[in-house]
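Written below as C-alpha cells is the structure these notes are about.
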Amino acid sequence: MSIHDLDAEDARAIYKNTYYDMRRYKRLQLFTHAEEIIDKESLAKGDLSIFLRLGSDYKNNYYEYEIPLTITPAGSYSTNNTNDRYAVWPTENMFDFPLELLKDVKLNRNKEKRKAGSTVSYTERYDEYDPEKPNNRVWVIGNPSLSEINVIMVGVRNNTRMTKSAEIWINELRLTAFDEEGGWAATGNL
C-alpha cells in the first residue's frame, strides 16, 4: 500500500469480502513492513499504525488489532542475512496474537456494560491493550463472532497532527495452531 499525504488522525484501508470460520484456530499472524517514501516527510516510530479488522462487516460488528509501526531505515538489505530480515520485517510490526484475546476483550466489554452507571456501549468502540504486547491495542464494536468473518480489512492510521506518507507491505496472513482435538459424543437411555 502506497499512502500519500494521509491527513492527521485519518486512516485508509483495503478490504476483502470473504467467509472464514476461525474458531478452530488459536493464533493469527501477518508480517508487516513500513518505509518512508522518497522526497516525503520523515517518519518516527508510532507516527503511523497498522490495523487488522475482522468481522461480519467493517463498520458495526468487528474486532480490530492495531500496532504502532516501526519504520525500516532506508538502505540495502540482503535476504541471506538474518539481521537484515528482521530490519525489513521487524517483529514489533508482526501481527501475532491469540484469537482468544479478541474474545476476551469482547467479554470484558460486556462485563463493563453490565456495571451500574456504565457508559460502555455496544455501538461505540471499546479498547484494551494486549497484555503480551502493551503497545498494541485491541478494539471491539457490536457483536462480532470468529465463526462468521465476512470482511478482512487492513489499514493504516495516522497518529500525528500532520499529513504523513508511507509505503506499507503486508505478507502471509495465516491462521495457526489448528485445534485438532475431537469432540465428545454420547448416547443415553432412560
Side-chain angles (χ1 to χ4, degrees), residues 1-18 20 28-77 86-97 101-102 105-106 108-109 112 119-144 149-174:
M1 295 182 286
S2 186
I3 298 162
H4 295 268
D5 303 320
L6 181 62
D7 288 334
E9 300 177 356
D10 196 7
R12 288 292 176 265
I14 57 174
Y15 68 93
K16 177 179 173 81
N17 291 323
T18 185
Y20 286 113
L28 183 141
Q29 296 177 329
L30 177 70
F31 294 97
T32 307
H33 161 82
E35 63 185 65
E36 295 175 353
I37 294 178
I38 297 171
D39 297 331
K40 289 286 189 176
E41 64 282 334
S42 63
L43 294 170
K45 181 176 181 169
D47 281 357
L48 301 174
S49 57
I50 188 158
F51 61 88
L52 177 68
R53 191 176 285 183
L54 306 166
S56 56
D57 60 69
Y58 59 86
K59 282 191 164 190
N60 300 314
N61 296 287
Y62 61 81
Y63 299 106
E64 183 175 295
Y65 193 94
E66 181 179 4
I67 300 172
L69 284 169
T70 299
I71 308 302
T72 299
S76 296
Y77 297 96
Y86 288 116
V88 174
W89 299 97
T91 54
E92 307 91 64
N93 288 358
M94 183 179 180
F95 289 94
D96 185 10
F97 60 90
L101 174 64
L102 304 177
V105 171
K106 181 176 158 184
N108 292 344
R109 188 261 328 250
E112 288 294 320
T119 59
V120 173
S121 166
Y122 297 124
T123 59
E124 299 292 323
R125 287 169 36 119
Y126 173 85
D127 71 297
E128 291 183 6
Y129 286 92
D130 184 342
E132 291 179 13
K133 299 174 184 176
N135 292 326
N136 301 351
R137 257 176 147 167
V138 183
W139 303 85
V140 66
I141 187 171
N143 193 27
I149 301 298
N150 295 326
V151 175
I152 298 175
M153 177 185 281
V154 179
V156 176
R157 189 170 284 123
N158 182 351
N159 300 320
T160 69
R161 298 191 184 278
M162 304 179 329
T163 61
K164 294 290 179 179
S165 302
E167 188 168 309
I168 311 296
W169 292 65
I170 55 174
N171 195 15
E172 296 184 32
L173 175 64
R174 52 177 115 154

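Scope of the values below: all heavy atoms of this structure, side chains included, with no hydrogens, waters or symmetry mates. Remember, it's a predicted structure, so these values are computed and weren't measured experimentally.
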Query raised in the report: Taking the side chain from N93 and the backbone from P90, do they hold a donor-acceptor pair closer than 3.5 Å?
Result: no
Query - P68 side chain near N136 side chain, heavy-atom distance below 4.5 Å - result: yes
**Report entry** Test item: T72 side-chain N/O and A87 main-chain N/O as donor-acceptor pair under 3.5 Å
**Finding:** yes
**Report entry** H33 NE2 to M94 CE distance, which is reported to the nearest 0.5 Å
**Finding:** 15.5 Å
Query raised in the report: Given side chains that start at C-beta, do those of N108 and Y126 come closer than 4.5 Å, heavy atoms only?
Result: yes
Report task. Compute whether any side-chain donor of one residue and acceptor of the other, for K106 and N143, lie under 3.5 angstrom apart. Result -> yes
Report summary line: F97 meets the ring pair (Phe, Tyr, Trp, His ring centres under 6.0 Å) criterion, sequence neighbours left out, with Y65
**Report entry** CD-OG distance between E36 and S42, expressed to the nearest 0.5 angstrom
**Finding:** 5.5 Å
Report summary line: Between T123 and S121, the two heavy atoms sitting closest are OG1-OG, 2.8 Å
Query - Residue pair T32 / V154, side-chain heavy-atom distance below 4.5 Å - result: no
**Report entry** Residues in salt bridge (charged side-chain N to carboxylate O under 4.0 Å, His left out) contact with E9, at least two apart in sequence or another chain
**Finding:** R161
Query raised in the report: Are E66 and R157 close enough that some pair of their side-chain heavy atoms sits under 4.5 Å apart?
Result: yes
Query raised in the report: What pairs with K40 under salt bridge (charged side-chain N to carboxylate O under 4.0 Å, His left out), at least two apart in sequence or on another chain?
Result: D5
Query raised in the report: Would D47 and N159 satisfy side chain to side chain contact (heavy atoms under 4.5 Å, CB included), going step by step from the backbone distance to the final call?
Result: CA-CA 5 Å; D47 281 357; N159 300 320; over 6 Å; no
Query raised in the report: Can you tell me if D57 uses its side chain to pair, donor with acceptor, with the backbone of N60 under 3.5 Å?
Result: yes
Report task. Using the side chain to side chain contact (heavy atoms under 4.5 Å, CB included) rule, take R109 and W139 through it: C-alpha gap first, then chi angles, then the decisive distance, then the call. Result -> CA-CA 10 Å; R109 188 261 328 250; W139 303 85; over 6 Å; no
Query raised in the report: Which atom pair, heavy atoms only, marks the closest approach of V105 to E128?
Result: CG2-OE1, 3.8 Å
Query raised in the report: Side-chain contact, heavy-atom cut-off 4.5 Å: W89 with W169?
Result: yes
Query - Y20 OH: over 12 foreign heavy atoms closer than 6.0 Å - result: no
Report task. Could you tell me which non-hydrogen atom of P144 sits nearest to which non-hydrogen atom of Y63, and how far apart they are? Result -> O-OH, 3.3 Å
Report summary line: With sequence neighbours left out, the residues meeting salt bridge (charged side-chain N to carboxylate O under 4.0 Å, His left out) with E124 are none
Report task. Please list, chain by chain and in numerical order, all residues satisfying salt bridge (charged side-chain N to carboxylate O under 4.0 Å, His left out) with R53, sequence neighbours excluded. Result -> E64
Query raised in the report: What are the two closest heavy atoms between E112 and V120, and how far apart are they?
Result: CB-CG2, 3.9 Å
Query - Donor-acceptor under 3.5 Å (N171 side chain, F31 main chain) - result: no
Report task. Can you see which heavy atom on L6 is nearest to which on V156, and at what distance? Result -> CD2-O, 3.8 Å
Query - Residues forming a ring pair (Phe, Tyr, Trp, His ring centres under 6.0 Å) with F51, sequence neighbours excluded - result: none
Query - Within-4.5 Å side-chain heavy-atom neighbours: L28 and L52 - result: yes
Query raised in the report: Mind checking whether K133 and L101 have side chains closer than 4.5 Å, heavy atoms only?
Result: no
Report task. Spell out, as yes or no, whether a donor-acceptor pair under 3.5 Å connects the side chain of E35 to the backbone of A74. Result -> no
Query raised in the report: Taking side chain as C-beta onward, heavy atoms only, is D96 less than 4.5 Å from Q29?
Result: yes
Report task. Drop me the distance from L43's CG to N158's CG, to the nearest 0.5 angstrom. Result -> 9.0 Å
